[in-house]
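Have a look at the structure below before the remarks.
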Amino acid sequence: FAARQIINVMNIGFDAKRAFHNTTGLGHYSRTLIASLAKFYPQHQYFLFNPKPSGLISFKEENTREILPEGFFNNLFSSAWRSRNVTKDLEKLKINIYHGLSQEIPFGINATKIKTVVTIHDLIHERYPHQFNPVDVKIYTKKYRHACTHAQAIIAISNQTKKDLIDFYKVPEEKITVCYQSCNPVFSHTLPEEAIQRVKIKYGLPEKFLLSVGSIIERKNLMNVCKALLLLRNECPLPLVIIGEGNCYKQKVEKFITENKLESRIIFLSQRVAAQSKDFKSSQDFPAIYQAATAMVYASYFEGFGIPVLEALWSRLPVITSNTSSMPEAGGDGAFLIDPAKPQEIAEAILKIYSNPNFAESMKTKGWLYAQRFTVQNSAASVMDVYTQL
C-alpha cells in the first residue's frame with residue numbers, strides 16, 4: 001500500500017495565466033479548480049506556470065507553487081515561454097501531467113514524456129466568427145485544434161461543448177470527458193445583513209435591483225434585457241445593475257438606453273469609481289452583490305457553461321436564463337428558462353419573480369438544490385479521475 005501511495009503522488013502542472021490575471025469566467029474556473037484539487041488531493045504537488053507576476057491574485061495552499069519564467073529572453077518574451085519554451089521547465093521540475101486550463105497546450109510538449117490534458121470551454125469563435133477579429137479566429141482555431149490533436153485527454157465543461165468538439169473538429173467522442181465546473185465556495189455562504197448593507201453603501205446600490213454579470217458583447221444579449229425593462233417601465237420599478245465591460249456593442253446598448261430614457265434604470269457598475277477597488281477587481285465583493293439582488297438575468301445566446309448562473313444558484317438568487325446551448329445544463333429546473341431572442345419572455349419572467357414572492361422563494365430553494373451537483377468536491381473528483389486514467 002505504501003509503495004502504491006508513493007507511485008500515485010504526482011507533480012501536476014497548470015497553464016496558470018488565466019488563474020493569475022483573468023477576473024472573468026476562465027480565471028474563476030482556473031482558480032476554483034486549482035484550489036479544490038489542492039484541498040481534496042493534498043498528496044500531490046501543483047505547479048502554477050505564470051508568464052508574469054500578478055499583484056492581484058495569489059494562492060495560499062501549501063502544495064501549490066507559482067513558477068515564473070527565468071532568464072532575460074523568457075521574461076522579455078513571456079508569451080513565447082508560455083506557448084513553447086515552458087516545456088523545458090516542465091521537464092526540469094519532473095511534471096507528470098500538464099493541464100492546459102484554457103483551451104491550449106504548449107507546442108512541442110508532445111515530444112516529451114509529460115502527459116497532457118486540455119480543458120475546452122467553448123467553440124464560440126467557430127459558431128460566431130463575425131463577432132471576433134478574423135485574425136483572432138485563425139489563432140484560436142490553430143491553438144484549439146493543436147490542443148485537441150496532441151492532448152491525451154480533453155475535458156469539456158458541458159455536453160454542449162463536447163457536442164461542438166465532435167461537430168466542428170471531429171474529435172473522437174471517447175477522448176472527451178465532460179467535467180462540470182463549480183464556482184468559488186464563498187457564493188454558498190449566506191452573509192449577515194450588515195455585510196450586505198456595507199457593500200450596497202460602498203457601491204451605491206439601489207435597495208432592490210436585478211443583476212446582470214458578463215462581458216457586454218453581442219452574444220451576451222444585454223440589448224434584449226434592456227428592451228425587456230422598457231416593456232416593464234410601468235409595471236416593475238427594479239433597476240438593472242450590470243457587472244461587465246464592453247466596447248462597440250456596449251455603445252449600441254447605451255444609445256438605446258438614452259433614446260428610451262432608461263438612464264435611471266440601468267447602472268453600469270464596472271465603470272463607477274467605487275468599482276475600481278481591489279475588492280471589486282478580485283470579485284471579493286461579488287457574493288454580497290449577488291445576495292443583495294432580487295434576481296439574476298443572464299439571457300446570453302450561447303455559452304460554454306455560464307458560470308454566473310451557478311454563482312447565482314449558490315447565492316440563493318432566482319435566475320432567469322436562456323433555453324439555449326449549455327444554460328439548461330447550468331440552471332436546470334432551478335432556473336426560469338426563456339427564449340433570449342424574445343424580450344417579452346424576459347419581461348414576463350422578471351415580472352413574475354418581482355410580483356410573486358412565493359414563486360421567488362421556491363426558485364431560491366430549487367436553485368440551491370440543483371446547485372448541489374456542482375460542488376467543488378465533485379468538480380475536483382471528476383478532473384482527478386481524468387488524470388488517474390492517463
Side-chain angles (χ1 to χ4, degrees), residues 128 131 205-246 248-271 289-290 292-303 306-313 315 317-328 330-364 366-367:
Y128 302 100
Q131 295 184 16
L205 295 171
E207 184 58 33
K208 294 183 178 181
F209 59 91
L210 302 166
L211 182 63
S212 171
V213 178
S215 302
I216 305 172
I217 55 178
E218 186 177 348
R219 173 175 55 83
K220 299 284 189 179
N221 196 31
L222 180 59
M223 182 71 83
N224 278 351
V225 178
C226 292
K227 289 179 179 179
L229 288 185
L230 183 61
L231 292 172
L232 292 171
R233 61 192 177 279
N234 297 321
E235 297 176 82
C236 176
L238 293 177
L240 177 69
V241 171
I242 300 162
I243 295 177
E245 293 283 9
C248 295
Y249 179 73
K250 182 184 177 185
Q251 292 170 10
K252 292 180 183 178
V253 174
E254 289 176 322
K255 185 170 182 279
F256 175 85
I257 291 168
T258 302
E259 289 175 347
N260 292 278
K261 298 179 172 57
L262 287 172
E263 293 93 338
S264 63
R265 299 286 305 277
I266 313 288
I267 299 168
F268 289 98
L269 196 60
S270 298
Q271 67 188 34
I289 296 172
Y290 276 63
T294 300
M296 161 76 75
V297 186
Y298 195 79
S300 178
Y301 282 112
F302 196 93
E303 295 292 330
I307 196 69
V309 171
L310 188 54
E311 291 170 345
L313 296 182
S315 302
L317 178 63
V319 176
I320 299 164
T321 193
S322 306
N323 59 9
T324 58
S325 69
S326 65
M327 272 79 81
D333 64 358
F336 195 129
L337 300 180
I338 49 85
D339 183 339
K342 297 179 179 178
Q344 183 65 44
E345 282 196 21
I346 302 171
E348 289 169 359
I350 292 171
L351 186 60
K352 186 167 184 179
I353 291 171
Y354 169 70
S355 62
N356 191 333
N358 290 335
F359 177 72
E361 285 300 317
S362 71
M363 283 194 68
K364 293 177 184 179
K366 287 171 69 175

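The basis for the numbers below is simple: all heavy atoms, side chains too, and nothing from hydrogens, waters or symmetry mates. Treat the numbers as computed from the prediction; the structure is a model and nothing was measured.
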Does [X] reach the side chain of [Y], with side-chain heavy atoms less than 4.5 Å apart?
X    : Y    : answer
E263 : T258 : yes
K364 : S362 : no
I216 : E245 : no
L269 : L205 : yes

Checking the side chain of [X] only, and the main-chain atoms of [Y] only, is there a donor and an acceptor separated by less than 3.5 Å?
X    : Y    : result
T324 : Y301 : yes
D339 : S322 : no
N224 : P340 : yes
S215 : G244 : no
N323 : L337 : no
Y249 : K220 : no

So I257 and V253, side chain to side chain contact (heavy atoms under 4.5 Å, CB included) or not? Walk me through it. CA-CA 6 Å; I257 291 168; V253 174; 3.9 Å; yes
Tell me, please, which residues at least two apart from [X] pass side chain to side chain contact (heavy atoms under 4.5 Å, CB included).
X    : value
E207 : Q197, K200
R265 : L229, R233, L262
E235 : L232, L351
S212 : L222, L240, I242

The test is side chain to side chain contact (heavy atoms under 4.5 Å, CB included); show your working for F209 and L238 and say whether it passes. CA-CA 5 Å; F209 59 91; L238 293 177; 5.7 Å; no
Which pairs pass side-chain hydrogen bond (donor to acceptor under 3.5 Å, both in side chains) with one or both residues in residues 345-360, sequence neighbours excluded?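 Every pair satisfying side-chain hydrogen bond (donor to acceptor under 3.5 Å, both in side chains) with a residue in residues 345-360: Q344-E348.
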Can you name the side-chain hydrogen bond (donor to acceptor under 3.5 Å, both in side chains) partners of S300, sequence neighbours left out?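 With neighbours one apart ignored, the set is E303.
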What heavy-atom pair brings [X] and [Y] nearest, and what distance separates the two atoms?
X    : Y    : answer
A299 : I338 : CB-CD1, 4.1 Å
A330 : L313 : O-CD1, 3.6 Å
P239 : S264 : CB-O, 4.4 Å

On the six-membered ring of F268, is K250 placed so that its NZ or CZ lies under 6.0 angstrom from the centre and within 45° of the ring axis?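 Yes - K250 lies over the ring of F268, closer than 6.0 Å to its centre and within 45° of its axis.
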Identify which one of V309, V225, L210, V297 satisfies the side-chain contact (heavy atoms from CB on, under 4.5 Å) criterion when paired with I320.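 When V309, V225, L210, V297 are each tested with I320, the side-chain contact (heavy atoms from CB on, under 4.5 Å) holds only for V297.
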Give the intermediate values and the outcome of side chain to side chain contact (heavy atoms under 4.5 Å, CB included) for residues M327 and F302. CA-CA 8 Å; M327 272 79 81; F302 196 93; 5.9 Å; no
